[in-house]
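See structure below.
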Amino acid sequence: MYKILVLVISLLLFQNSWSQTIPPLERIVSISFQNESVDLALSKLSKEANCTFSYSPSILDANQRITSTHTGESVREILNSFFAETIEAKAKGNYVILTKAPPPPKKAVAVNRATISGYVFDEQSNEKIGEASVYDKRTLSAVVTDSYGFFKIFIDNPTEQTTLSFSKRGFLDTLISVEPGSTQFINVGLRPEVIETPTIAQVIDSVQVSPSQDFTPTQIAVTEVPAKEKKTIKEFFAASIFSSDIFSKKKGGVNVKNIRDTIYRKYQVSFVPYVGTNHKLSGNVVNTYSFNVLGGYSMGTSMLEVGGLFNIDRGDVKQAQLAGLFNTVGGRTRGVQMAGLGNLTKREVDGGQFAGLFNANLDSISGGQFAGLFNANGRGAKGAQFAGLFNTNFGKLQGVQFAGLFNVNGRSGEGAQLAGLFNVQPGTFKGAQVAGVINTSVGQLHGAQVSGLINFADNVEGTQLGFVNFADSIKGVPIGFLSFVAKGYHKIEVSADEIFYVNAAFRTGVRQFYNIFTAGLNPQPVDGPVTPPMLSPERQLIWSVGYGVGTAPRISNRLSLNFDVTANQVNQGGVTESISLLSKLYVGLDFHITKKFSVTAGATLNGYLYDPDFAENPQLFKNYSPNIIRTHTFDNGDILNMWWGGKIGLRFL
């Protein structure tokens, strides 16, 4: 008995505590009245709802008798059935204060204002629906139901065609007519949207079962396991900046979620989002013209939008959008965006973007982008990009990129890339890459690469011009200090001529134009002591290193011509610290014995330029005295001797 008593007391305390957390006007009770005075009815309702009514008896009609039954209704609804709109009820703590409803203000009378209040509930479960949107498309008046489903809205100058719309995500929209000048208390039921899901039978039917399998429906267990959501950088960027939840803490953000309809207006004037002519429905309105003192928020703009600081559009923008700081567009931009800081567009841009700092699109652009810092596109670009720092595209480029630092294009491209540091092109590119340091093109390049240092490409149809050029294959000519083509022209040569008995050379590039790196050795007898000794006290090493270029046109499958020009610094012992330059013009034949082995021989026209006043010049002609065909002395005293010579050698690769 003691335990039962404790349980009953606990339940009563819990019920009392729970009821205190719910505002008295929203407490649900079931009660009936049978020809009772209004005082007695309020007293009875007070006990049932566990609240206290505070009022002056003078505001009540002493002759009013109440007969009604209420099942699962709120205190607010029951009071409305008592007094309609003649008595106004307000909750304060656990008190319900009843006062005589004030007469409508003159302005409300002048505009023939209609007042509608009530509850929004789920037709299937009868549960009240919080955060449902209640709005009038004509006047743009809008409210959101509270957590108990209650709303109160004022409509100015309603007509016979005026309708009030009720919208909630997950429910079908509902419309009701508004009576001009009326005061109504209504309960509006919303019907849940029906989302068709496959039945067990449909799942079974969709499974392919071979006749040999022992299969029964009881073997299938259908379990939904929610996958862990992983957002890409692009999705995170879109959700953070262009999401309709950007003002979710405001009532207007709730309207954006609930309302499917798009409302159109000629003009919008706002101070900040939701403080303007479109009120709480700003995010659902497409404006022809939008003027925002500080900033504006709308569904879209079809002609012109101007913002002192910013403009935010959930949908499309056409013609022109101008802002002191930034513009953001959640749909397409068809026209011009200009901003002091940046422009952001979720979908494609067809027009121009001008910004002091940056332009960013998650889709593509057709037109021009001009920014002080950077331009970035989630997909392709068609037109021109100009940026102080860099341009990036993760799709196809059709146009020109100009950047102070670098350009990066994610897929194929057609046009030109010009950058102070480097250009990156992973896909096929048709056009020109010009960079101060590096150009890279991983796919097919049809055009030219020009850089101050390195050009790198996979397959080239065109020209590479840089200090160092790399390519897998090329149909064209790479021009630079070093050009290496994997499927190009490579030769290792060992040869002898009239001056150097042992020469080594490496040729790299293509047949039309290749680079030559050479070295030569010639030990010669010397007079007097040798310091330092290089080979022996009697002989000292004369050696050379040089560089040149050449071309090797084919005569037949086995025979080619060679036209080479090389320049070699000749040294004796250590490095000769004076000019000692041996230049050669070589014309010869290259005969292939096998695919990777050939013999070469030809004639050379030699020119040796040296300073006669330098005592330690190499002595080239100890073992051989050529026929000097020309000698010339320059104004600075240097002498040039020229003679004919020859070369014979073996080549590999």
Side-chain angles (χ1 to χ4, degrees), residues 22-23 25-26 74 76 115-156 163-176 178 186-193 195 238-265 268 270-287 290 292 294-301 310-315 328-331 346:
I22 301 176
L25 286 173
E26 306 304 338
S74 68
R76 188 194 303 274
T115 303
I116 301 96
S117 59
Y119 287 90
V120 177
F121 66 95
D122 184 333
E123 278 192 356
Q124 290 186 358
S125 65
N126 274 336
E127 292 183 358
K128 302 294 173 58
I129 300 175
E131 292 198 338
S133 296
V134 183
Y135 64 99
D136 172 31
K137 293 177 64 173
R138 183 182 63 85
T139 62
L140 300 184
S141 295
V143 296
V144 174
T145 60
D146 63 17
S147 56
Y148 301 98
F150 179 73
F151 72 94
K152 189 172 186 178
I153 189 171
F154 303 99
I155 307 296
D156 290 340
T163 57
L164 198 59
S165 301
F166 295 79
S167 296
K168 173 67 177 178
R169 178 179 289 184
F171 292 83
L172 299 176
D173 291 350
T174 299
L175 303 177
I176 66 166
V178 176
I186 57 175
N187 290 334
V188 179
L190 300 184
R191 185 179 303 171
E193 287 182 323
I195 301 176
S240 301
I241 297 177
F242 302 106
S243 173
S244 60
D245 296 340
I246 191 167
F247 299 111
S248 60
K249 293 184 179 180
K250 295 180 176 292
K251 298 299 184 182
V254 176
N255 292 330
V256 167
K257 294 179 183 179
N258 290 335
I259 300 173
R260 301 177 179 85
D261 285 349
T262 300
I263 304 169
Y264 296 90
R265 284 293 181 270
Q268 173 186 243
S270 71
F271 185 72
V272 293
Y274 298 124
V275 181
T277 55
N278 290 340
H279 310 295
K280 301 302 181 186
L281 293 178
S282 297
N284 301 92
V285 178
V286 173
N287 305 289
S290 179
N292 308 304
L294 294 182
Y297 181 55
S298 63
M299 180 70 179
T301 304
F310 62 87
N311 300 303
I312 300 174
D313 289 74
R314 293 177 51 233
T328 69
V329 177
K346 186 175 181 180

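In plain terms, the two heavy atoms of K152 and S117 that are nearest each other are CG-CB, 3.8 Å. Closest heavy-atom contact between G296 and P273: C-CG, 4.3 Å. For the pair G315 and V329, the tightest heavy-atom approach, listed with the atom from each and the gap, is O-CG1, 3.1 Å.
Once rounded to the nearest 0.5 Å, the distance linking CD1 of I259 with CG of N284 reads 4.5 Å. Distance check, rounded to the nearest 0.5 Å: CZ of R265 to CG of L140 gives 4.0 Å. Distance check, rounded to the nearest 0.5 Å: CD of E131 to CG of D146 gives 10.0 Å. One finds the CD1 atom of I153 at 5.0 Å from the CG atom of L164 (value rounded to the nearest 0.5 Å). Rounding to the nearest 0.5 Å places CG of L172 at 6.5 Å from CZ of R191. For the atom pair CG of D136 and OG1 of T163, the computed distance is 7.0 Å after rounding to the nearest 0.5 Å.
Exactly one of D173, T145, N258 qualifies for a side-chain hydrogen bond (donor to acceptor under 3.5 Å, both in side chains) with S133. That residue is N258. The residue from V143, V188, V134, I186 that alone fulfils the side-chain contact (heavy atoms from CB on, under 4.5 Å) condition with I116 is I186.
Remark: the backbone N or O of G283 is paired with a side-chain donor or acceptor of R314 at under 3.5 angstrom. Looking only at distances, no side-chain donor or acceptor of Y274 sits under 3.5 Å from a matching main-chain atom of Y297.
By the side-chain contact (heavy atoms from CB on, under 4.5 Å) test, Q124 is found to be paired with D122, P192, residues two or more places apart in sequence or in another chain being considered. Shown here are the side-chain hydrogen bond (donor to acceptor under 3.5 Å, both in side chains) partners of S141, two or more places apart in sequence or in another chain: T139. D261 pairs by the side-chain hydrogen bond (donor to acceptor under 3.5 Å, both in side chains) definition with nothing, not counting sequence neighbours. Every residue two or more places apart in sequence or in another chain that forms a side-chain contact (heavy atoms from CB on, under 4.5 Å) with S298 is listed here: Q268, N287, T301, E305, D313. With sequence neighbours excluded, the residues that form a side-chain contact (heavy atoms from CB on, under 4.5 Å) with T262 are Y264, V286, M299.
Residues in residues 126-151 take part in these ring pair (Phe, Tyr, Trp, His ring centres under 6.0 Å) pairs, two or more places apart or across chains: Y119-F150, F151-F166.
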